[in-house]
Amino acid sequence: MGNSKTIEGVDNSGNAVKVVLKTPGPQEYRDSQIEYNKAFRKALDSGALLRQKLTDYMTDQGIWNEAKQAENDRFVDEINAKEQIINSGGIKLSEAREIALQLRGLRYEFREFIAEKNSLDQNSVEGQADNARFSELVRLCMLNPKTKKPYFQTQKDYDASGDQPWVAQASSELASMIYGCLLYTSDAADDM
C-alpha cells in the first residue's frame with residue numbers, strides 16, 4: 001500500500017494497537033469536505049459566530065486590540081524571516097543551529113501569545129467545521145491493518161475513542177503527513 005505508514009501505539013489500558021495510516025487522496029478530501037459542510041451548517045444554526053464576527057467580538061470585549069494585532073504581526077514576520085534564512089542556505093551549520101533554536105523559542109512564545117485567541121477560534125463556525133473535516137480525514141485514513149478498511153466505521157465510533165493515546169498519535173502523524181507539522185501535544189513539546 002503506497003503512501004502509508006504503520007502506527008504502533010497503546011490504548012488507555014496499555015495494550016498495543018497497530019493501525020495503518022494512509023495519505024489522504026481525492027476521495028478522502030471530498031468526503032471530509034462533506035463533513036466540513038455539515039458541521040459548518042450545524043454550528044451556524046446553533047448560533048456560533050463566523051471568524052470575522054468573532055474577531056469583532058474579541059475586539060469589543062478587549063480580548064484583542066491593535067497592539068495585540070501588531071504583536072501578532074511582529075511574531076509572524078520574525079518567524080518568517082528566520083525560516084527564510086534557514087531555507088535559503090549558505091550559512092554555517094553553527095549559525096543555522098542558533099537560528100533554529102531562536103525559531104523554536106519564537107514559535108513557543110507565539111503559541112503562548114495566541115492561545116486565548118485560538119481557543120476562541122475553535123468555537124467559531126469555521127473552527128468547528130475545520131475540526132470536523134480533520135476528524136473525518138483521520139477516520140478515513142486510519143486503517144485496520146488486516147482489512148485495509150477504516151478502523152472506525154463511523155465518526156461517532158471515532159469520537160468515542162478520541163481519548164485513546166494511539167488515536168491521538170495517529171492524528172498527530174496524519175497532521176504531519178498533510179501539513180508537514182506535528183500537532184501540539186505534550187509528547188511533541190518534549191521533543192522540542
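Numbers here simply count residues along the sequence, with the first being 1.
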Nearest heavy atoms of Pro24 and Leu174, plus distance in Å: CD-CD1, 3.9 Å

Is Ile79 close to Arg107 at the side-chain level, that is, under 4.5 Å between some pair of heavy atoms? yes

For the hydrophobic clusters of this structure (ILVMFWY residues joined by side-chain heavy atoms under 4.5 Å, transitively), does one cluster hold both Ile178 and Tyr36? no

Grab the two heavy atoms, one from Gln128 and one from Ala48, that are nearest each other, plus how far apart they are. NE2-CB, 3.6 Å

Under 3.5 Å, is there a donor-acceptor pair between the side chain of Glu136 and the main chain of Arg133? no

List the steps and the verdict of side chain to side chain contact (heavy atoms under 4.5 Å, CB included) for Leu50 and Leu44. CA-CA 8 Å; Leu50 293 166; Leu44 198 57; 4.2 Å; yes

Gap between atom CD of Glu116 and atom OG of Ser119 - 0.5 Å precision: 6.0 Å

Any chain of hydrophobic side-chain contacts (each under 4.5 Å) joining Ile114 to Leu54? yes

Is a salt bridge present between Glu28 and Lys22, judged by a nitrogen-to-oxygen distance below 4.0 Å? yes

Rounded distance [0.5 Å steps], NZ in Lys53 versus CZ in Arg51: 16.0 Å

Any link between Ile99 and Val76 through a network of hydrophobic side chains (Ile, Leu, Val, Met, Phe, Trp, Tyr) touching at under 4.5 Å? yes

Is there a donor-acceptor contact under 3.5 Å from the side chain of Gln122 to the main chain of Gly127? no

Is it the case that more than 12 heavy atoms not belonging to Arg41 sit under 6.0 Å from its CZ atom? no

Show, in sequence, the C-alpha distance, side-chain angles and deciding distance for Arg30 and Gln33, and conclude whether the side chain to side chain donor-acceptor pair (under 3.5 Å) test is met. CA-CA 5 Å; Arg30 277 191 296 275; Gln33 184 62 41; over 6 Å; no

Counting only heavy atoms not in Tyr57, do more than 12 fall under 6.0 Å of its OH? no

Sidechain-backbone polar pair: Ser46 side chain, Ala43 backbone, donor-acceptor under 3.5 Å: yes

How long is the span from the NZ atom in Lys5 to the OG atom in Ser176, to the nearest 0.5 Å? 6.0 Å

Between CZ on residue Phe134 and CD on residue Glu35, distance to nearest 0.5 Å: 14.5 Å

Minimum-distance pair of heavy atoms, taken over all atoms of Lys82 and Leu103: CB-CD1, 3.9 Å

Would you say Tyr29 ends up clustered with Met142 if hydrophobic residues are merged whenever their side chains have heavy atoms under 4.5 Å apart, either directly or through other cluster members? yes

CD1 on Ile7 to CD on Glu173, rounded to 0.5 Å: 4.0 Å

When the side chains of residues 85-96 are checked against the rest of the protein, which donor-acceptor pairs come out under 3.5 Å, sequence neighbours left out?
| from | atom 1 | to | atom 2 | distance (Å) |
| --- | --- | --- | --- | --- |
| Asn87 | ND2 | Glu83 | O | 3.2 |
| Ser88 | OG | Gln84 | O | 3.2 |
| Ser88 | OG | Ile85 | O | 2.9 |

If you look at every heavy atom in Trp166 and Asp11, which pair is closest and at what distance? CD1-CA, 3.8 Å

Quick check: closest heavy atoms across Lys148 and Leu143, and the distance to 0.1 Å? O-CD1, 3.8 Å

Does Glu71 come within less than 4.0 Å of Lys68, counting only side-chain N to carboxylate O? no

Taking every non-hydrogen atom, the tightest pair across Thr23 and Cys141: C-SG, 4.4 Å

Hey, are the side chains of Arg104 and Leu101 touching, using non-hydrogen atoms and a 4.5 Å cut-off? yes

Angle class for the Tyr158/Phe152 ring planes (parallel below 30°, perpendicular above 60°, tilted otherwise)? perpendicular

Using the rule that two of Ile, Leu, Val, Met, Phe, Trp, Tyr join whenever any of their side-chain heavy atoms come within less than 4.5 Å, decide whether Phe40 and Leu49 are in one cluster. no

So, do Asn72 and Phe110 sit near enough that their side-chain heavy atoms are less than 4.5 Å apart? yes

Can you tell me how far the CG atom of Asp121 sits from the OG1 atom of Thr55, to the nearest 0.5 Å? 7.5 Å

